[in-house]
2 protein chains.
Amino acid sequence: MGRNATREKVFAAAIELIAESGLAATTVDQIAERAGVAKGTVFYNFGSKAGLFSALLEYGVDRLAAALRDAASGRAPLDALEAVVGAELAFIGEHESFARLLIAETWRSGGDWQRAARLIRERAIGVVADVLRDAVAAGDLRADLDTGTAASAVFGMVLTVALDWRTLQPGRSLGDVHATLMDLLRGRLTGP
Amino acid sequence: MGRNATREKVFAAAIELIAESGLAATTVDQIAERAGVAKGTVFYNFGSKAGLFSALLEYGVDRLAAALRDAASGRAPLDALEAVVGAELAFIGEHESFARLLIAETWRSGGDWQRAARLIRERAIGVVADVLRDAVAAGDLRADLDTGTAASAVFGMVLTVALDWRTLQPGRSLGDVHATLMDLLRGRLTGP
DNA sequence: ACTTTTGTACTGACCGGTCAGTGCAAAGAT
DNA sequence: ATCTTTGCACTGACCGGTCAGTACAAAAGT
C-alpha cells in the first residue's frame with residue numbers, strides 16, 4: 001500500500017478520535033480500526049502511541065506553518081499580517097478537528113511530549129512573529145512592540161475566535177469573521 | 001468524621017494531584033492516599049472517578065467565574081476590563097495545571113464533559129462579554145462592536161499569552177505581561 | 001530463465017501490567 | 001440505631017506494546 005498512504009490514513013483517524021475524546025481516552029485499537037489498519041501497523045510506523053502523537057503534531061503544524069508562510073510571502077508587512085490571519089482562519093475552517101486537538105493537547109502539562117509540543121507551537125507562532133518583526137522593521141508598527149508576546153496573542157485570539165465561529169456561528173462567512181478580527185487588531189476597539 | 005469534611009479533604013487532594021500531573025495520570029489510589037482516606041471512601045462519596053472529576057470541574061469553574069466577577073465589580077467599564085484581564089492572568093498563574101485541564105476539556109468536540117464544558121466557556125467568556133457590553137453602553141467602546149466575538153478574542157488572547165508566559169517565560173512578572181496585553185487591547189499595535 | 005535471498009510493509013493473536021471498582025467485616029462517629 | 005469510614009484482598013476489563021509469521025517485490029546468485 002505504501003508507507004505514506006498508510007501513515008496519512010492513521011493520521012486522519014487519530015486526529016478525529018483525539019479531537020473527540022482526548023489523547024488519553026483514545027486507544028490505539030480505536031485508531032487502527034478507524035484507519036482500516038492493523039494495530040501492529042501503527043506501532044510499526046510510529047513506534048509508540050506517544051510517537052504517533054508527536055508525528056501527528058509535527059505533520060499538522062508543518063502544514064499550518066506552510067499555509068501561514070505562503071500567505072505572507074510577497075506581501076507588504078501589514079498586508080501580510082492580514083493574510084496570515086486569513087490563512088489561519090481558513091486552515092481551522094478546513095481542519096477543525098486538528099485545531100481542537102492542538103488547542104486542547106498542547107496546553108496539557110506533564111508528559112514526555114510537552115517539549116515537542118512547545119517547540120511545535122513556537123514554530124507556528126514563529127511565523128506570526130516574523131511578520132510582526134518585518135512590520136516593525138518597515139516602520140508600520142511601533143518600534144517597542146513585544147513581537148513575541150504579540151504573536152502569541154494574535155495566534156491565540158484567532159484560534160479561539162475561529163473555534164467559536166465553527167461551534168456557535170457556523171453560518172457566518174469567513175470574510176465577516178476575518179473583518180471583525182482585523183478591526184480588533186487595528187485597534188478599532190475604542191472607536192473610529 | 002462527617003461527610004462534608006471528608007469530601008473536602010478528597011476534593012483538595014484531587015485538585016492538588018491534578019494540578020501536578022493531570023487528569024489521566026492521576027489514580028484514585030493516589031487521591032485517597034494524599035487525602036489520608038480509604039479508597040472506598042472516595043467511591044462512597046462520589047460514586048465514581050468521573051463523578052469526582054465532575055464535582056471538581058464545577059468547583060474550579062465557580063472559582064474562576066467568581067474571581068472574574070469580583071475583579072470587575074464596582075469598577076468603571078474600562079477599568080473593569082483591565083481588572084478582568086488581570087484576574088484571568090492571576091488565576092492561570094496560580095492554578096496553572098488546573099486551568100490547562102479546564103481549557104482542554106472546554107474545546108473537546110465529544111464526550112460526556114462536552115455540555116458542562118460548553119457552559120464553562122460560556123460562563124467565563126460571558127463575564128468578559130458583560131464587561132464589554134457595559135463599556136459600549138457607557139460609550140467607552142464603539143457602538144457597533146461585536147461584543148460576543150470580541151469577548152472570545154480577548155479571552156483566548158489572554159489565555160494563550162498566559163500559558164505561553166508560564167511555559168516559556170516563567171520569570172516574567174505578571175504586571176509586565178498584563179501591561180503588554182492591555183497595550184494590545186487598547187490598539188497600540190500601530191503606534192502611540 | 002530460474003531459484004534464492006533480502007528488505008519492507010503489514011497482520012493480529014497474545015501478554016503483562018495497571019487501575020477503576022467491589023465486597024465485607026470491623027471500628028468510629030453522631 | 002444508623003450513617004460513615006476503614007483496610008485489604010480481590011476481580012476483571014482494558015490497553016500499550018510485542019512477536020512470530022505472511023505477502024510481495026526487487027535484487028542477487030546460478
Side-chain angles (χ1 to χ4, degrees), chain A residues 1-59 101 104-105 108-117, chain B residues 1-58 97 101 104-105 108 110-113 116:
Chain A
M1 165 180 294
R3 205 155 201 250
N4 262 357
T6 302
R7 285 174 76 100
E8 291 202 7
K9 279 200 308 184
V10 173
F11 275 153
I15 287 172
E16 276 177 35
L17 286 166
I18 294 173
E20 248 170 62
S21 319
L23 176 63
T26 301
T27 70
V28 176
D29 292 86
Q30 285 175 325
I31 295 171
E33 193 194 346
R34 171 91 55 116
V37 139
K39 183 182 188 177
T41 302
V42 176
F43 288 94
Y44 175 79
N45 277 280
F46 300 101
S48 66
K49 190 186 183 184
L52 164 60
F53 183 70
S54 167
L56 189 152
L57 274 184
E58 227 169 286
Y59 173 82
L101 175 159
E105 300 294 340
R108 278 226 131 87
S109 61
D112 309 327
W113 35 269
Q114 187 188 5
R115 291 189 181 181
Chain B
M1 166 179 291
R3 208 162 199 240
N4 260 357
T6 302
R7 284 175 75 101
E8 288 196 12
K9 278 201 308 184
V10 171
F11 222 58
I15 288 173
E16 272 179 37
L17 283 165
I18 286 166
E20 277 166 26
S21 319
L23 168 59
T26 302
T27 69
V28 174
D29 293 86
Q30 285 175 323
I31 295 170
E33 193 193 346
R34 173 82 61 107
V37 138
K39 184 183 185 177
T41 304
V42 176
F43 288 95
Y44 180 79
N45 278 279
F46 296 100
S48 67
K49 192 186 183 184
L52 169 58
F53 283 131
S54 175
L56 231 161
L57 275 184
E58 225 167 289
S97 294
L101 171 74
E105 298 301 335
R108 294 244 186 284
D112 309 330
W113 309 99

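First the proteins, then the strands, lettered A, B, ... as listed; each starts at 1. These numbers come from the heavy atoms of this one structure, side chains and all, not from hydrogens, waters or symmetry mates.
Contact annotation for A:T41: base contact, defined as any heavy-atom pair under 4.0 Å involving a base atom.
The CG-P distance, from A:L17 to D:dC15, rounds to 12 Å in whole Å. As rounded to whole Å, 12 Å separates atom C1' of C:dA20 from atom CG of B:L52. Between A:N4 atom CG and C:dT8 atom C1' there is a gap of 14 Å when expressed in whole angstrom units. For the pair A:K9 NZ and C:dC10 C1', the computed distance is 11 Å after rounding to whole Å. With rounding to whole Å, A:F53 atom CZ is found 14 Å from D:dG17 atom P.
For the side-chain contact (heavy atoms from CB on, under 4.5 Å) with A:R34, the lone residue among A:L17, A:V10, A:D29 that qualifies is A:L17.
Contact annotation: B:Y44 does not reach the phosphate of D:dT5 (side-chain N/O to OP1 or OP2, under 4.0 Å). Using a 4.0 Å cut-off, no side-chain N or O of A:N45 falls inside it from OP1 or OP2 of C:dT8.
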Practice prompt. Please step through side chain to side chain contact (heavy atoms under 4.5 Å, CB included) for the pair A:L101 and A:L57, ending with a clear verdict.
Written response: CA-CA 9 Å; A:L101 175 159; A:L57 274 184; 3.8 Å; yes

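Contact record, A:A24 with B:A24: CB-CB, 3.4 Å, taken as the closest heavy-atom pair. Nearest heavy atoms, A:F43 versus A:K49: CE2-N, 4.2 Å. Contact record, A:S48 with A:G51: OG-N, 3.0 Å, taken as the closest heavy-atom pair.
The residue among A:A25 and A:G40 whose nearest nucleotide of DNA chain D lies closer to the 5′ end is A:A25.
Checked against D:dT5, C:dG21, D:dG16, the side chain of B:T6 finds its nearest nucleotide in D:dT5. Comparing D:dT5, C:dA9, D:dG17 by their closest approach to the side chain of A:S48 singles out D:dG17.
Remark: B:N45 CG to B:K9 NZ distance equals 10.5 Å, nearest 0.5 Å. Atoms CD1 and OG1, from A:I15 and A:T26 in turn, are 12.0 Å apart once rounded to the nearest 0.5 Å. For the atom pair B:Y44 OH and B:T6 OG1, the distance stands at 10.0 Å (nearest 0.5 Å).
Between A:F46 and A:F11, the two ring planes are tilted [angle within 30° to 60°].
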Could you go over nucleotides 20-22 of chain D and give all protein N or O partners under 3.5 Å, atom names and distances?
none

Within the sub-3.5 Å range, which N or O atoms of nucleotides 24-26 of chain D have a protein N or O partner, and how far apart are they?
none

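Residues from residues 28-36 of chain B with heavy atoms under 4.0 angstrom of DNA chain D, sorted by number: B:G36.
No donor-acceptor pair closer than 3.5 Å links the side chain of A:E33 to the backbone N or O of A:Q30. Checking side-chain atoms of B:K39 against main-chain N and O of B:I31 turns up no donor-acceptor pair under 3.5 Å.
For B:K39 against D:dG7, no side-chain N or O and base N or O form a donor-acceptor pair under 3.5 Å. No N or O donor and acceptor, one from the side chain of A:K49 and one from the base of D:dG17, sit under 3.5 Å apart.
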